Each structure stands twice: as C-alpha cells, then as structure tokens.
Amino acid sequence: MLSLNFIRANSELVRQGVRRKGEQAPIEEILELDRQHRQLVGEEEGLRAELNSSSARVGALARVGDPAAALLRDSLGDLKARVQEVQLRRKGHEDRLQELLLLVPNVPHESVPDGTSDDDNITVRTWGAQPQFDFEPQTHFDLGETIGIFDFERAVKISGSRFAMLRGEGARLERALSTLMLDIATRERGYSEVAPPYMVNRNCMVGTANLPKFEEDAFHVVEGDRFLIPTAEVPVTNMYREEILDAESLPIRHVAWTPCWRSEAGAPGRDTRGYIRMHQFSKVELVKFVRPEDSLTELEALVADSESVLQALGLHYRVRLMCAGDMGFAQWKKYDIDAWAPGMGRYLEVSSCSAFGDFQARRAGIRFRSANAKPEYVHTLNGSALALPRTFDCLIETYQTGQGTVRVPDRLQPYMGGATEIS
RNA sequence: GGGGAGGUGGCUGAGUGGCCGAAAGCGCCCGCCUGCUAAGCGGGUGACGGGGCAUAACCUCGUCCGAGGGUUCGAAUCCCUCCCUUCCCGCCA
C-alpha cells in the first residue's frame with residue numbers, strides 16, 4: 001500500500017506508475033476523499049476537544065459538590081450528538097479511503113523499463129549454454145512416464161486436473177532437490193530456515209497484497225476463514241507483522257520450503273501438459289527484511305542466491321528484468337529466472353525475485369527502529385530458490401542420456417544416496 | 001467440548017468510572033561521577049493522525065490499554081460479540 005501522504009505529494013508519479021503497469025486505480029477519487037476526510041477530521045476534533053474539556057469540568061465541579069455540575073452535564077447532550085454525527089461521516093470516508101488505498105498498485109522503480117508484455121522484458125544475462133544432444137531429447141513428461149517417476153492419471157483420479165504425483169525415484173529426486181536448495185540457502189548464503197504454517201488468516205493475505213484484489217487466485221478454507229498459502233512468501237513475510245524490529249537485527253533473511261496452492265484462475269488451457277502449472281507444488285522461498293537504503297542491492301544479491309542453485313545443478317538459464325507492464329501489483333522491481341528445458345525447447349520460469357519497497361511492510365505494519373529514531377517501515381523482498389516442479393523438469397530434460405535414463409548431477413548425488421543415475 | 005484466569009508502552013507489570021497515555025522496574029538516550037569498564041547518581045524516553053509551520057525543530061488538538069460494538073457528560077476500568085493466550089476436566093492420538 002502506498003501512503004496517503006505519498007500519493008498526495010506525488011500524485012503525478014503515482015498516476016504514471018499505474019499507467020506504466022497497465023492498471024487502473026481510483027487516484028482521483030482517493031485525492032478528493034482525502035480532502036473531505038481531512039476537513040471532517042478537523043471538524044470532529046474541534047467538537048471533541050470541546051466535549052472533553054466540558055466533561056472534565058463536570059468531573060471537577062462534581063468533586064467539590066458544586067450543583068453546577070448537574071446543570072452542565074445535562075447541557076452536553078446536544079454537543080455529544082453533533083460529535084457523533086460528524087464521527088459517523090468521518091468513519092464512512094475513512095473506511096472507503098482504506099478500501100481504495102488497498103487497490104492502488106505499487107509504483108515501479110525508475111530502473112524498471114517500460115513495456116506491456118513478456119516481449120518487453122530484458123534479458124540481463126545468461127549462464128551456461130543450451131546442451132546439445134546426439135539424439136532427439138524428450139520432454140520431461142514423456143521421459144518421466146517412461147521411467148515411471150510420474151503418475152499423472154492417478155493424481156487426476158484422486159484430486160482432479162492440475163494435480164501431479166511423483167513416484168519412486170521421482171519422489172526422491174524432488175525431495176533431494178528441496179534439501180539441496182535448503183542447504184545452499186542456509187549453509188552458503190546466510191539464510192535462516194523456518195517451517196511456517198501452510199494456512200494463513202485473511203490479514204496475512206492482505207499484508208502481502210494477495211488480497212483483496214486477487215482472492216480468486218487462492219484456495220479458501222471456509223472453516224476459520226483461512227487460505228492455503230500460494231507461496232511461503234505469505235506466512236514468512238507476515239512473521240513480523242505489527243512488530244517494530246530492532247535496526248540491529250536487519251537484514252533478516254529466511255528460507256522456507258513449503259507446498260504452495262494456486263487456483264490458476266487466470267490460466268485455463270495454459271501449460272496443461274507436463275509438470276509445469278499445478279494447483280499444488282512445492283517451492284523453496286527466500287524472504288528478506290532490509291533497511292530501505294539497502295533494498296536494491298539486496299535484490300541483486302537475492303537473484304544471485306537463486307542463481308547459485310541453478311549453477312550448482314549445472315542448468316542453463318537466463319535472468320530477465322521485468323518490464324513495468326509484466327510486473328505484479330505489489331512489485332517495485334522484479335527479475336525472473338528462466339531455466340532451459342531442452343526437451344520442450346523452451347525456458348521455464350523457475351524463480352521470480354522481487355523487491356517491494358515498503359509496500360508490503362506498510363500493509364502488514366512491519367517497522368524497525370534505529371537508536372533514538374522514529375520507527376520506519378522495512379523493505380521486503382522475496383524470491384524462489386527455486387520452484388521444484390520446473391527445476392525438476394529442466395533437470396531431467398537436461399541430464400537425459402538417450403537410453404531412457406537420467407544422470408544425477410554431482411552436487412545432487414549425496415542427496416540421492418550416492419546414486420549417479422535414475423532409470 | 002465443559003469450566004476458570006487473562007490480553008496494558010520495545011519488554012515485565014500496576015491500575016475496577018473523571019486527578020490515567022497510563023505507577024514501578026528493565027531496556028534505551030543524555031549528563032554527572034569514574035585510570036578503562038561495570039556499578040552508582042540526575043534527567044529524558046510510546047505510536048498514529050489533523051492543524052499551525054518549510055512535509056525541520058517546536059506548539060496544539062485528537063485517537064490508541066487484543067478487535068469491533070454499546071452504556072455514560074466522561075471508559076484501560078461497566079455491558080455485549082469475536083479473536084488470542086493460559087490452567088483444570090473431558091475427548092483423541
């Protein structure tokens with residue numbers, strides 16, 4: 001959420017940011033409501049100050065037994081009614097203003113390029129090269145069915161479309177990948193591991209800006225009005241909601257492995273084949289809380305942390321700076337990392353690394369305080385390191401041998417009980 | 001599921017209708033003292049918003065004692081609903 005002060009003082013910048021993202025936001029209505037609201041606040045507070053001092057006088061008179069107390073007391077009913085009337089109007093404005101503010105997207109950082117679609121994203125670097133094969137590389141779903149590590153039919157039978165099931169060495173491979181990713185984050189990149197709840201309350205979803213605008217993207221658990229997390233970003237970012245952190249504790253870096261659930265409401269018909277776009281998948285997520293001035297350097301470091309996993313696995317990838325129109329509602333600046341899937345002959349997005357500025361912190365009330373200073377909102381960031389299914393796909397497509405087997409990369413072998421190949 | 005206790009500032013914790021934005025302690029900041037450090041002494045120290053004002057300092061007003069309603073001239077304090085914590089019993093592992 002943007003602060004009202006910010007919108008008031010930078011309304012043109014905000015309008016432009018909304019436009020650059022290709023979104024709509026009720027900026028004019030907010031500015032007008034804000035004007036009216038502040039006027040009502042002034043009016044109400046004047047009346048209330050009068051009522052407060054009169055009430056105090058009633059108390060003082062009553063204490064010394066002055067009969068004027070009763071007289072004054074009885075005369076205050078009218079004033080009270082006026083206070084209540086103005087208060088009601090002020091609250092109406094306030095609630096409406098709050099609702100509207102939650103609908104204003106974050107403004108892209110100035111270093112974010114213009115653009116409206118994926119075509120306008122900028123590849124900032126690549127690592128490795130597309131592997132060459134002396135045979136026709138298979139897709140992960142063909143290969144995986146052959147080896148017997150996927151069982152899509154039974155997943156559909158027990159849960160429906162967009163659910164997948166791994167079996168045998170496949171299940172083990174995904175578990176091994178998860179553990180490797182967690183180990184890299186905790187032992188090599190300085191993150192502290194957390195294992196958060198997989199269901200969160202409504203406030204958390206609002207805090208990370210998954211609500212109110214995107215309720216149809218999430219799975220809702222009616223009992224208790226909770227939501228299945230669409231990403232570990234939600235519980236982990238909200239760990240410190242409504243807290244004032246000690247400045248010395250920043251930056252805070254957490255990593256979490258969790259399942260993620262998404263309704264994929266906006267993607268019917270997309271990526272229906274393969275282990276790519278599931279209602280449930282798992283992901284290792286990095287989340288950071290940093291001082292505002294460190295935000296963008298921390299973003300670059302975050303991307304490097306995610307890349308280190310792909311490098312450890314020896315997978316070719318590219319890093320893309322997202323254009324304004326292809327960024328999400330809450331992002332300030334964002335990079336995607338796409339790994340190469342040679343069987344499919346395309347890149348798969350395995351990570352999305354975002355800086356949010358204080359947009360989420362403001363919604364969630366996450367602040368920090370330096371000695372002798374006023375509390376300030378932290379900046380939040382997060383990125384996948386990495387999404388499991390697509391990393392899994394790229395890995396088996398990259399390391400297929402042509403003999404119906406898949407070589408296990410060196411770094412992963414200790415996590416696979418020393419196995420060098422799966423078949 | 002039944003019954004009891006409770007949710008107060010960065011933290012601990014007093015406060016049952018006005019003199020309470022809130023004692024005391026801890027922490028933190030400033031100063032004094034002191035070879036250094038610690039201790040000791042003195043003082044200061046909540047958040048958010050409106051207005052004045054340069055979106056500084058400062059002044060002023062208002063709101064905030066889990067959340068939301070209500071009673072009252074006046075609520076941390078009384079009433080109602082909800083959330084959470086905790087204890088005992090029951091239930092299930």
Side-chain angles (χ1 to χ4, degrees), chain A residues 1-14 30-101 196-197 199-207 221-227 235 238-250 252 289 292 358 361-378:
Chain A
M1 167 166 72
L2 300 176
S3 84
L4 212 37
N5 280 332
F6 181 83
I7 296 177
R8 203 185 298 139
N10 306 281
S11 56
E12 197 38 54
L13 179 69
V14 173
I30 286 172
L31 290 172
E32 178 54 29
L33 265 175
D34 174 47
R35 266 189 295 277
Q36 294 174 7
H37 175 251
R38 277 184 299 157
Q39 196 192 325
L40 286 171
V41 165
E43 205 177 316
E44 182 191 344
E45 290 184 350
L47 291 171
R48 199 172 282 280
E50 204 180 322
L51 182 60
N52 284 347
S53 62
S54 298
S55 292
R57 211 153 57 238
V58 171
L61 291 173
R63 214 168 310 120
V64 298
D66 191 322
L71 220 61
L72 180 56
R73 180 194 351 121
D74 295 341
S75 74
L76 289 175
D78 183 49
L79 181 55
K80 187 189 173 188
R82 277 199 290 155
V83 170
Q84 284 176 332
E85 188 265 328
V86 178
Q87 172 182 305
L88 199 67
R89 278 197 288 147
R90 192 211 79 220
K91 277 192 173 164
H93 278 62
E94 200 166 280
D95 292 349
R96 179 73 184 139
L97 209 44
Q98 202 54 36
E99 269 171 42
L100 294 180
L101 277 175
M199 278 189 238
V200 295
N201 60 34
R202 192 169 277 277
N203 280 343
C204 289
M205 293 289 277
V206 173
V221 179
V222 174
E223 168 69 44
D225 190 28
R226 282 181 265 265
F227 295 84
N238 279 285
M239 278 172 67
Y240 304 110
R241 68 174 300 110
E242 309 299 337
E243 290 190 32
I244 298 177
L245 303 166
D246 186 346
E248 300 307 308
S249 68
L250 301 179
I252 295 173
F289 304 84
D358 64 7
R362 194 177 291 280
R363 288 173 162 242
I366 310 169
R367 294 178 290 172
F368 74 98
R369 189 205 305 271
S370 313
N372 264 353
K374 300 205 103 192
E376 263 186 275
Y377 287 104
V378 300

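Lettering of chains follows the sequences in order, A, B, ..., and the numbering in each one begins at 1. Not measured: the values here are computed from a predicted model. These values consider heavy atoms only, across backbone and side chains, with no hydrogens, waters or symmetry-generated copies.
Taking a 4.0 Å limit (strictly below) on heavy-atom distances, residues 87-95 of chain A reaches RNA chain B at A:Lys91.
Under the ring pair (Phe, Tyr, Trp, His ring centres under 6.0 Å) criterion, A:Phe368 pairs with no residue at all, not counting sequence neighbours.
For the P atom pair drawn from B:A22 and B:C59, the interatomic distance equals 15 Å after rounding to whole Å. Comparing the P positions of B:G17 and B:U77 gives an interatomic distance of 11 Å, to the nearest angstrom. A distance of about 23 Å separates the P atoms of B:U45 and B:G50, rounded to the whole Å. With P as the reference atom, B:A24 and B:G44 are 11 Å apart, rounded to whole Å. Separation of the P atoms belonging to B:U8 and B:U85 is 14 Å when rounded to the nearest angstrom. To the nearest whole angstrom, the two C1' atoms, one in B:C83 and one in B:U72, are 27 Å apart.
Comparing B:G62, B:G10, B:G51 against the side chain of A:Ala49 picks out B:G62 as the nearest.
Under the 3.5 Å distance criterion, the side-chain polar atoms of A:Arg226 are left unmatched by any main-chain donor or acceptor of A:Val221.
Between A:Lys374 and the phosphate of B:C48, there is a side-chain N or O to OP1/OP2 separation shorter than 4.0 Å. Considering only side-chain N and O atoms, A:Arg8 lies under 4.0 angstrom from the phosphate OP1 or OP2 of B:G50.
Applying the side-chain hydrogen bond (donor to acceptor under 3.5 Å, both in side chains) test between A:His37 and each of A:Arg96, A:His93, A:Arg89, A:Glu94 identifies A:Glu94 as the sole match.
As a whole-Å value, the separation of A:Glu44 CD from B:C64 P is 10 Å. Residue A:Asp246 contributes atom CG, which lies 14 Å from atom C1' of B:C29 at whole-angstrom precision. Across the protein-nucleic acid pair, A:Asn201 atom CG and B:C84 atom C1' stand 11 Å apart, rounded to whole Å. Atom CD of A:Gln39 and atom P of B:G49 are 20 Å apart (whole Å). Here the C1' atom of nucleotide B:G68 and the CD atom of A:Gln98 are 16 Å apart, to the nearest Å.
Note on A:Asp34 versus A:Arg38: salt bridge recorded, some NZ/NE/NH1/NH2 to OD/OE distance being below 4.0 Å. Salt-bridge formation is not detected for the pair A:Arg82/A:Glu85: no Lys NZ or Arg NE/NH1/NH2 atom is positioned less than 4.0 Å from an Asp or Glu carboxylate oxygen.
Comparing A:Arg63 and A:Gly46 along RNA chain B, the residue whose closest nucleotide (by nearest heavy atom) sits nearer the 5' end is A:Arg63. Where A:Ala62 and A:Ser53 each meet RNA chain B at their nearest nucleotide, the meeting point lying more 5' is that of A:Ala62.
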Where do N or O atoms of nucleotides 72-75 of chain B meet protein N or O atoms at under 3.5 Å, pair by pair?
| residue | atom | partner | partner atom | Å |
| --- | --- | --- | --- | --- |
| B:C73 | O2' | A:Ser55 | OG | 2.8 |
| B:G74 | OP2 | A:Lys80 | NZ | 3.4 |
| B:G74 | O4' | A:Ser55 | OG | 3.4 |

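As judged by a 4.0 angstrom heavy-atom cut-off over every strand, A:Arg367 is placed among residues touching the sugar-phosphate backbone only.
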